[in-house]
There are 2 protein chains.
Amino acid sequence: MTQAFNARVLTAIDDLPGSLAQRVYQSLQEAIMSLTFPPGTLIRKGAICDELGVSRSPVSEAITRLASEGLVDVIPQSGTRVARFSIEEIREAAFMREALEVAAVEKVARDHTPDQYAKLARNVRLQAMLVEDHDTAGFYQADEEFHALLMEFTGFPGVAAAVSTIALKLKRPRMLLLPEPGRNDNAVREHLAIVEAIRDRNPDEARSAMRYHLAQLVSRFDPLEKEHPEFFRSRQSH
Amino acid sequence: MTQAFNARVLTAIDDLPGSLAQRVYQSLQEAIMSLTFPPGTLIRKGAICDELGVSRSPVSEAITRLASEGLVDVIPQSGTRVARFSIEEIREAAFMREALEVAAVEKVARDHTPDQYAKLARNVRLQAMLVEDHDTAGFYQADEEFHALLMEFTGFPGVAAAVSTIALKLKRPRMLLLPEPGRNDNAVREHLAIVEAIRDRNPDEARSAMRYHLAQLVSRFDPLEKEHPEFFRSRQSH
DNA sequence: CAATGTCAACTAACATGTTAGAAATGATTT
DNA sequence: AAATCATTTCTAACATGTTAGTTGACATTG
């Protein structure tokens, strides 16, 4: 046969919560984020419908949302494909993320409660443990939780939501980064510096600590275009 | 008759560009922003379809987008109504806008070209003229353009888009604000301070000038809840 | 009269049929 | 062989039919 008839690659939607459209969105998002659908993949509505056993309505709605988040490109009257990376878009996402996280950490440094500080400090101690145990996946999760906690503590749920949408764009290229020895140790130290500035209610210090921390990630993205040109938007028109 | 049979309040979609869904979105958005559909209004898909002469598909898509921007609340399996204000949401939007605009103006202060500076300076001179002529509407437009220019000059189109989406949420309550004598004069002065900091390539000064400027607007929102309680989300459940 | 249960009317969500336009394919011409 | 052009085959976008859940009016009961 020319091709394994139809690879079942999407996660089942039966166990997910919410509307059908919401569940289809999650399933597709995971496939895109995990690079199961690598950049450039053509998305076939019909195939998705067959595989998930739903009609085109929820699939269309899910795709519309993915398009609004920049994860797919819709070509009118033609087709939809998984968005390729572009250095400019990555820089843009990093810029917006920095803007929001820096403002958030400044506010948290000013307004936080003892309980909030305790949760942050506990999370960083957990991070240190996980790094010591070389539990990369665990550290990655704790790292995400650390940032999520900070956003939550602004008291603005929309800020947390916006940042995680923006972070989606950075997560995908991040999966291509090679692990860098000692990076996680440094990340924990940087997190600790942020938490200490919060503890001291020092917004300026918190801001520059966060800024430094986020800059570490961005600096690693630049060489990516040469390593994985197939994932990047080609510059010439055709 | 009990009620003028069906008020034609939506702007026609025939002249607008883009897909049907996009045009319906614009028409609805204008009705919401201009308070033609005041907060709390029930949105009847059938009525919209009849009035604009389109099917439910583009209307649904438009409403989905309005919902994602927080301009309407969709009650699952029940109905959709124009979102009421809440002080918390206004503060949140103001927070996010400040975060992004402050970061943007810092970047522009660092990286701007002579041409970009010239455009900003020219815009502020225009503002001064318009205020002198008591052309409130003209000033309002120039004001919006000033901020749009700044966002554009970051070189990140997504930043401009995100800020204008956020600004949507602030625009509606802003329409309820009473004109405050001398406010526009001050606004021009604040804009000038921003432009001068940019000219001097002084990011810190640009940031604090922008921060001060945006704070002026937010401070005027607080009394709004008492003046127009009907537009605000009631706290008690029913 | 208040509380409750029933029912009709309405809606969002989903399924499916239709249309028009883009892109790839292949035939035709140069 | 290269370029052009018609045709076929995709697709997104739109229209419309169907389903199931929520709401509110109203009758019924305590």
Side-chain angles (χ1 to χ4, degrees), chain A residues 2-3 6 10 12-14 16-28 32 37 40-84 234 236-238, chain B residues 2-3 6 10 12-14 16-28 37 40-84 234 237-238:
Chain A
T2 59
Q3 204 163 14
N6 221 329
L10 293 171
I13 62 173
D14 304 310
L16 299 171
S19 69
L20 271 183
Q22 168 67 21
R23 286 184 267 172
V24 173
Y25 167 82
Q26 287 219 10
S27 183
L28 287 176
I32 293 171
F37 285 180
T41 305
L42 204 69
I43 291 186
R44 300 186 174 280
K45 262 187 197 173
I48 312 282
C49 294
D50 292 346
E51 188 170 336
L52 296 180
V54 298
S55 83
R56 300 190 317 257
S57 300
V59 174
S60 295
E61 199 178 320
I63 288 179
T64 300
R65 193 166 148 202
L66 290 168
S68 80
E69 291 171 355
L71 260 44
V72 302
D73 291 330
V74 176
I75 299 114
Q77 320 296 14
S78 168
T80 300
R81 48 182 66 229
V82 177
R84 294 178 194 276
S234 61
Q236 67 277 18
S237 40
H238 73 99
Chain B
T2 58
Q3 204 163 10
N6 220 330
L10 292 172
I13 61 173
D14 304 309
L16 299 172
S19 69
L20 271 184
Q22 168 66 20
R23 287 185 266 173
V24 173
Y25 167 83
Q26 287 219 10
S27 184
L28 288 176
F37 285 180
T41 306
L42 204 69
I43 291 186
R44 298 186 176 281
K45 262 188 200 174
I48 311 281
C49 294
D50 292 346
E51 189 171 335
L52 296 180
V54 298
S55 84
R56 303 192 314 263
S57 300
V59 175
S60 295
E61 198 178 322
I63 289 178
T64 300
R65 193 166 148 201
L66 290 168
S68 80
E69 292 170 356
L71 260 44
V72 303
D73 292 330
V74 176
I75 299 113
Q77 321 296 11
S78 169
T80 299
R81 47 183 65 230
V82 178
R84 294 177 194 277
S234 61
S237 40
H238 75 98

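Just so you know, these numbers use all the heavy atoms, side chains as well, and skip hydrogens, waters and symmetry mates. No experiment lies behind these values; they were computed from the predicted model shown. Quick note on labels: first sequence line is chain A, next is B, and so on, each numbered from 1.
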Colleague: Would you confirm whether B/Gln26, through its side chain, and B/Leu16, through its main-chain N or O, come within 3.5 Å as a donor-acceptor pair?
Modeller: no

Colleague: If you take all heavy atoms of B/Ile48 and B/Phe37, which pair is closest and at what distance?
Modeller: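 The answer is CD1-CE1, 4.5 Å.
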
Colleague: Using only atom types and a distance under 3.5 Å, with no angle test, would you say the side chain of B/Arg23 pairs donor to acceptor with the backbone of B/Gly18?
Modeller: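 Present.
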
Colleague: Just how far is it from atom CG of B/Leu10 to atom OG of B/Ser27, taken to the nearest 0.5 Å?
Modeller: 4.0 Å

Colleague: If you compare all heavy atoms of A/Ala62 against all heavy atoms of A/Val24, which two are closest, and at what distance to 0.1 Å?
Modeller: CB-CG1, 3.8 Å

Colleague: Under 4.0 Å, counting only non-hydrogen atoms across every strand here, what does A/Ser19 touch: a base, just sugar-phosphate, or nothing?
Modeller: sugar-phosphate

Colleague: Which atom names give the shortest non-hydrogen contact between B/Pro17 and B/Gln22, and what distance separates them?
Modeller: O-CG, 4.0 Å

Colleague: Report each atom pair, protein N/O against N/O of nucleotides 9-12 of chain C, whose distance is under 3.5 angstrom.
Modeller:
unit_1	atom_1	unit_2	atom_2	d
C/dT11	OP1	B/Arg44	NH1	2.8
C/dT11	O4'	B/Ser78	O	3.0
C/dT11	O3'	B/Ser78	O	3.2
C/dA12	OP1	B/Thr80	OG1	3.1

Colleague: For the helix from C/dC1-D/dG30 to C/dT30-D/dA1, how many degrees between its two end axes (five pairs per end), to the nearest 10°?
Modeller: 0°

Colleague: Using the heavy-atom set of chain A and a strict 4.0 Å cut-off, write down the first and last nucleotide of DNA chain D that makes it in, 5' to 3'.
Modeller: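 Here the contact window of chain A covers D/dC10 to D/dA13.
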
Colleague: List the steps, then state whether side chain to side chain contact (heavy atoms under 4.5 Å, CB included) holds for A/Val59 with A/Leu52.
Modeller: CA-CA 9 Å; A/Val59 174; A/Leu52 296 180; 5.6 Å; no

Colleague: Between B/Leu71 and B/Leu28, is any pair of side-chain heavy atoms under 4.5 Å apart?
Modeller: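 No, too far: nothing below the 4.5 Å cut-off.
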
Colleague: Can you tell me which residue among A/Thr64, A/Thr41, A/Ile63, A/Ile75 is in a side-chain contact (heavy atoms from CB on, under 4.5 Å) with A/Thr80?
Modeller: A/Ile63

Colleague: Determine, for B/Arg65 against B/Glu69, whether the closest basic-nitrogen to carboxylate-oxygen distance falls under 4.0 angstrom.
Modeller: yes

